[in-house]
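Within every chain, numbering begins at 1; the chains are lettered A, B, ... in the order of the sequence lines, protein sequences first and strands thereafter.
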Protein chains: 2
Amino acid sequence: MDPEFVTQIRRLSQLYAYTSIQMHEAVGRKAGLSGTDHKYLGFLLQKGQMTAGEWATLTGLTTGAITGLIDRFEKKKLVKRQFAEDDRRKIIIVPDTKKIMALLEPLYKEYRGKSEKLLASFSAKELKVIESYFLQAVEIMQETTSKLSNE
Amino acid sequence: MDPEFVTQIRRLSQLYAYTSIQMHEAVGRKAGLSGTDHKYLGFLLQKGQMTAGEWATLTGLTTGAITGLIDRFEKKKLVKRQFAEDDRRKIIIVPDTKKIMALLEPLYKEYRGKSEKLLASFSAKELKVIESYFLQAVEIMQETTSKLSNE
DNA sequence: TCATATTATCTTAGTAGCTAAGATATTTAT
DNA sequence: ATAAATATCTTAGCTACTAAGATAATATGA
């Protein structure tokens, strides 16, 4: 295969990742959240709710840092602390999904429309190619990361 | 188009960006660089060399932060400060590319091999699809970012 | 030419958010 | 009942950021 083309794809892939982070950071700033706060809020939304400790594990932050994270979100009334009924040491973080969505969706609206249009411009077969590339690339990167971290 | 599939691609795309950043951060840590330092070093390598001010513009950092960034790299002897001949206010940052490569390449080696193999598993036509998706998606994200930032 | 404005980088003071270590409160195990 | 383990919070110290001003070099204009 043309090695220049491979280089081009690799460069593009890096640019893609970087641009995506920049966009998410810009959205976060606009919403009054720091870049990392916005990123970690995404984890919470996907999971629905979780304990402070689970959030710490997922983000790789210490529990102390999570306390601060929750404090910042709670001050903005985007999440609520709730004692777990089965174990009163545990704090369940409950996102106010409606409020968070109301805050973020307008900022993503245009992007969402454009990217849907972009995806619609590909055939089903082509989308499968893109999906397959993403899936495999993610796996390779995760392998690399975990090897580097456990050594 | 199947809306669930679109959602799946969007989720994958976000995961891809996030995983990529995590990998680059892990590589950076292993090389003794903070996540952002590693990211910004990449800018410098791509450009070859630039002035402190250009680096500030490119990264979005203040000139004060760039001074600290250069200090950290200089202490590790990965870059050198050099007065510009035409304008002695300007400081040109010259990367020691050989040294930087020697530091980073071994950490990326395995990833590079695997991702080349992955790319080789696609046909030329399929690679064009992936390239086209990346190019257009990057543009959309850049538009979104700049709109959010200039408002 | 010389005074002034502009430009490029650095310095300083203040701040945010991180880690590490230890405190507190609750649960589990003996 | 006591000790150990667990979940979260608190505190001290650190790093890297911004904003504002200092310093030095260059450009401009009467």
Side chains of A:Ser13 and B:Tyr16: any donor to acceptor distance under 3.5 Å? yes

Will you find, in the side chains of A:Ser146 and A:Gln142, an N or O donor that is under 3.5 Å from an N or O acceptor?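 Checked: A:Ser146/A:Gln142 side chains show no N/O donor-acceptor pair below 3.5 Å.
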
Nucleotide [N], atom [atom2] - distance to [atom1] of [X] in whole Å:
X: A:Gln82; N: D:dT8; atom1: CD; atom2: C1'; result: 16 Å
X: A:Lys90; N: D:dC9; atom1: NZ; atom2: C1'; result: 17 Å
X: A:Ile92; N: D:dT8; atom1: CD1; atom2: C1'; result: 13 Å
X: A:Phe83; N: D:dT8; atom1: CZ; atom2: P; result: 10 Å
X: B:Leu69; N: C:dC10; atom1: CG; atom2: P; result: 11 Å
X: A:Glu54; N: D:dT8; atom1: CD; atom2: C1'; result: 13 Å
X: A:Trp55; N: C:dC18; atom1: CH2; atom2: P; result: 11 Å
X: B:Leu33; N: D:dA16; atom1: CG; atom2: P; result: 11 Å

In terms of side-chain heavy atoms of B:Ser34, which of D:dT8, D:dA16, C:dT19 is nearest?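 The listed nucleotide nearest to B:Ser34's side chain is D:dA16.
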
Give a yes or no on this: more than 12 heavy atoms of other residues, nucleotides or ligands lie within 6.0 Å of atom CZ of B:Arg11. no

With a cut-off of 6.0 Å (strictly less than), are more than 12 heavy atoms of other residues, nucleotides or ligands near CD of B:Glu139? no

For B:Val94, the option from B:Asp96, B:Ile91, B:Ile92 that meets side-chain contact (heavy atoms from CB on, under 4.5 Å):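 For B:Val94, the side-chain contact (heavy atoms from CB on, under 4.5 Å) test succeeds with only one of B:Asp96, B:Ile91, B:Ile92, which is B:Ile92.
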
One pair to check against salt bridge (Lys or Arg N to Asp or Glu O under 4.0 Å): A:Lys114 and A:Glu110. What are the steps and the verdict? CA-CA 6 Å; A:Lys114 282 184 190 165; A:Glu110 202 177 321; 3.3 Å; yes

Going only through I, L, V, M, F, W and Y residues with side-chain contacts under 4.5 Å, is there a path from B:Leu148 to A:Ile21? no

Please write out each protein N/O paired with an N/O of nucleotides 10-15 of chain D under 3.5 Å, distance rounded to 0.1 Å.
none

Anything under 3.5 Å between a protein N or O and an N or O of nucleotides 26-30 of chain C, put it in a table, one pair a line.
unit_1, atom_1, unit_2, atom_2, d
C:dT26, O2, A:Arg89, NH1, 3.3
C:dT27, OP1, A:Arg88, N, 3.0

Closest-nucleotide mapping onto DNA chain D: is B:Gly60 or A:Ile70 further toward the 5' terminus? I mean the 5' end. A:Ile70

Check: A:Tyr18 ring centroid to B:Phe43 ring centroid under 6.0 Å: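 Yes - the distance between ring centres of A:Tyr18 and B:Phe43 falls below the 6.0 Å cut-off.
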
Any chance the rings of B:His24 and B:Tyr111 have centres within less than 6.0 Å?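 Here the rings of B:Tyr111 and B:His24 have centres that are no less than 6.0 Å from each other.
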
